[in-house]
Amino acid sequence: MENSEVCPKLEKCPIFREGVLMNSITGDSYKNVYCLRKRHLECKRFLVSKSYTKPIPTQVLPNSFMSIEEIIKRLKEGYWEK
Ligand code: SF4
């Protein structure tokens with residue numbers, strides 16, 4: 001049975017695969033805060049991936065201050081490729 005606590009993007013997401021990016025406020029890594037928990041449902045990368053199918057650069061973080069719409073707009077503009 002599928003574990004709904006864990007993000008379904010784990011295997012391909014560079015934040016999970018490569019990064020143990022530390023969240024300076026909580027001292028936890030994004031993996032432990034988002035990827036391995038039900039809170040992945042709040043991850044901005046996860047939410048963006050529902051309607052944006054291309055790779056999402058690592059600059060887009062799970063707790064980005066931007067809205068989903070703003071992130072998608074910037075992705076389409078190539079904002080993080082400049
Ligand atoms: S960073 Fe977000 S999209 Fe990537 S694996 Fe973690 S919860 Fe899923």
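In what follows, every heavy atom counts, from backbone to side chain, and hydrogens, waters and symmetry copies are set aside. Everything numeric in this text was worked out from a predicted model, so none of it was measured. First listed ligand is number 1; within each ligand, the first listed atom is number 1.
For Tyr79, the side-chain contact (heavy atoms from CB on, under 4.5 Å) partners are Arg74, not counting sequence neighbours. Annotation: salt bridge (Lys or Arg N to Asp or Glu O under 4.0 Å) contacts of Arg37 (sequence neighbours excluded): none. Residues passing the salt bridge (Lys or Arg N to Asp or Glu O under 4.0 Å) test with Lys9: none are found, sequence neighbours excluded.
If you look at atom 4 (Fe) of ligand 1, the protein N, O or S atoms less than 2.8 Å from it are Cys13 SG.
Listed here is the closest heavy atom pair of Arg17 and Leu10: CG-O, 3.8 Å.
In the hydrophobic cluster analysis, where Ile, Leu, Val, Met, Phe, Trp and Tyr join through side-chain heavy atoms closer than 4.5 angstrom, Phe65 is grouped apart from Tyr34.
Using a cutoff of 4.0 Å between basic side-chain nitrogens and carboxylate oxygens, Arg39 and Glu42 are scored as salt-bridged.
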